[in-house]
Amino acid sequence: MAGKVETYVGFCLRARKITLGGGSIDMLKKGVFLIMVCSTASENTFKLALKYKKRFNCPLMVCNAGLENAVHKQDCKLAAVRDAELARAICANAGGDYELYTER
C-alpha cells in the first residue's frame with residue numbers, strides 16, 4: 001500500500017505539476033515549491049539538488065525508498081514539485097522513507 005507521500009506525488013503527476021530530471025528543472029525560472037532527491041543519487045546530483053534548493057528557496061526532501069518508485073519513472077533521481085499546496089502536503093507528511101533535508 002502506498003503512503004501519503006506517494007499519493008500526493010501521484011496527484012502531482014496527474015496534474016502535471018512535477019518536473020523530473022535535472023535538465024528539465026534547470027529550464028525552470030520560478031514556481032518550484034519542493035525539490036525531491038533520491039537517497040541513491042550520486043554526489044553530483046545531490047549537489048545539483050542543493051543548488052536548486054537555494055535557487056528556488058524551497059525545502060529539499062530525501063527519498064530513502066527510492067524516488068523512482070514514487071514517480072513511476074525508472075532511474076529518476078531528481079524531481080521538482082510545482083504546486084504549492086501539494087508541496088506543503090508532502091512536507092507535512094514526511095517521515096519514515098521520506099525526510100526533509102536540514103543543513104548542518
Side-chain angles (χ1 to χ4, degrees):
M1 182 175 151
K4 284 190 176 183
V5 173
E6 287 95 350
T7 303
Y8 289 130
V9 171
F11 291 156
C12 291
L13 288 168
R14 282 188 163 188
R16 296 181 184 258
K17 293 291 185 176
I18 192 166
T19 303
L20 306 177
S24 298
I25 296 171
D26 207 28
M27 297 291 194
L28 299 174
K29 302 294 183 203
K30 60 181 179 175
V32 174
F33 300 98
L34 175 66
I35 300 291
M36 299 177 79
V37 65
C38 187
S39 63
T40 61
S42 68
E43 185 177 334
N44 287 339
T45 304
F46 196 76
K47 286 180 185 177
L48 196 61
L50 287 173
K51 179 182 112 175
Y52 294 142
K53 175 189 183 308
K54 290 177 183 160
R55 180 199 293 177
F56 297 116
N57 193 22
C58 64
L60 174 66
M61 180 174 281
V62 179
C63 305
N64 296 324
L67 183 60
E68 57 192 21
N69 296 331
V71 298
H72 308 293
K73 180 98 172 165
Q74 188 174 1
D75 296 330
C76 182
K77 302 294 181 189
L78 196 58
V81 177
R82 296 180 286 117
D83 185 271
E85 292 300 318
L86 287 170
R88 195 171 302 124
I90 291 169
C91 290
N93 289 294
D97 290 336
Y98 300 90
E99 59 188 42
L100 290 173
Y101 176 78
T102 54
E103 296 184 60
R104 292 172 184 88

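What you are looking at is a predicted structure, and each value in this text was computed from that prediction instead of being measured.
Contact detail for A89 and N93: the closest heavy-atom pair is O-ND2, 2.9 Å. In plain terms, the two heavy atoms of L34 and P59 that are nearest each other are CD1-O, 3.5 Å. K77 approaches A41 most closely through the heavy-atom pair CB-CB, 4.1 Å. C58 and K53 make their closest contact through O-CG, 3.1 Å (heavy atoms, listed as atom of the first residue, atom of the second, distance). Closest approach of G22 to L48, counting heavy atoms only: CA-CD2, 4.2 Å. When every heavy atom of L28 is checked against every heavy atom of R55, the shortest pair comes out as O-NH1, 3.4 Å.
Hydrophobic cluster membership is shared by F11 and L67, with clusters built from Ile, Leu, Val, Met, Phe, Trp and Tyr side chains linked at under 4.5 angstrom. Cluster annotation: V71 is connected to L86 through the hydrophobic network of ILVMFWY side chains, with a link wherever side-chain heavy atoms come within less than 4.5 Å. Cluster annotation: V5 and L100 are assigned to the same hydrophobic cluster (Ile/Leu/Val/Met/Phe/Trp/Tyr, side-chain heavy-atom contacts under 4.5 Å, transitive). Hydrophobic clustering (ILVMFWY, side-chain heavy atoms < 4.5 Å, transitive): L60 and Y98 are in distinct clusters. No continuous path of ILVMFWY side-chain contacts below 4.5 Å connects V81 to Y52, so the two sit in separate hydrophobic clusters.
One N or O on the side chain of R82 and one on the backbone of R16 form a donor-acceptor pair closer than 3.5 Å. No donor-acceptor pair closer than 3.5 Å links the side chain of E6 to the backbone N or O of A70. At distances below 3.5 Å, not a single donor-acceptor pair connects side-chain atoms of Y101 with backbone N or O atoms of L50.
With values rounded to the nearest 0.5 angstrom, R88 atom CZ is found 8.5 Å from F33 atom CZ. Note that SG of C12 and CD of E85 are 11.5 Å apart. Values are rounded to the nearest 0.5 Å. Rounded to the nearest 0.5 angstrom, I18 CD1 and K73 NZ are separated by 12.0 Å. A distance of 4.0 Å separates CD1 in I25 from CG in L78, rounded to the nearest 0.5 Å. To the nearest 0.5 Å, atoms CG (D83) and CD1 (I90) are separated by 9.0 Å.
The shortest distance between side-chain heavy atoms of D75 and E68 falls below 4.5 Å. A heavy-atom distance below 4.5 Å is found between the side chains of V9 and M36. Using a 4.5 Å heavy-atom cutoff, the side chains of D26 and K51 are in contact.
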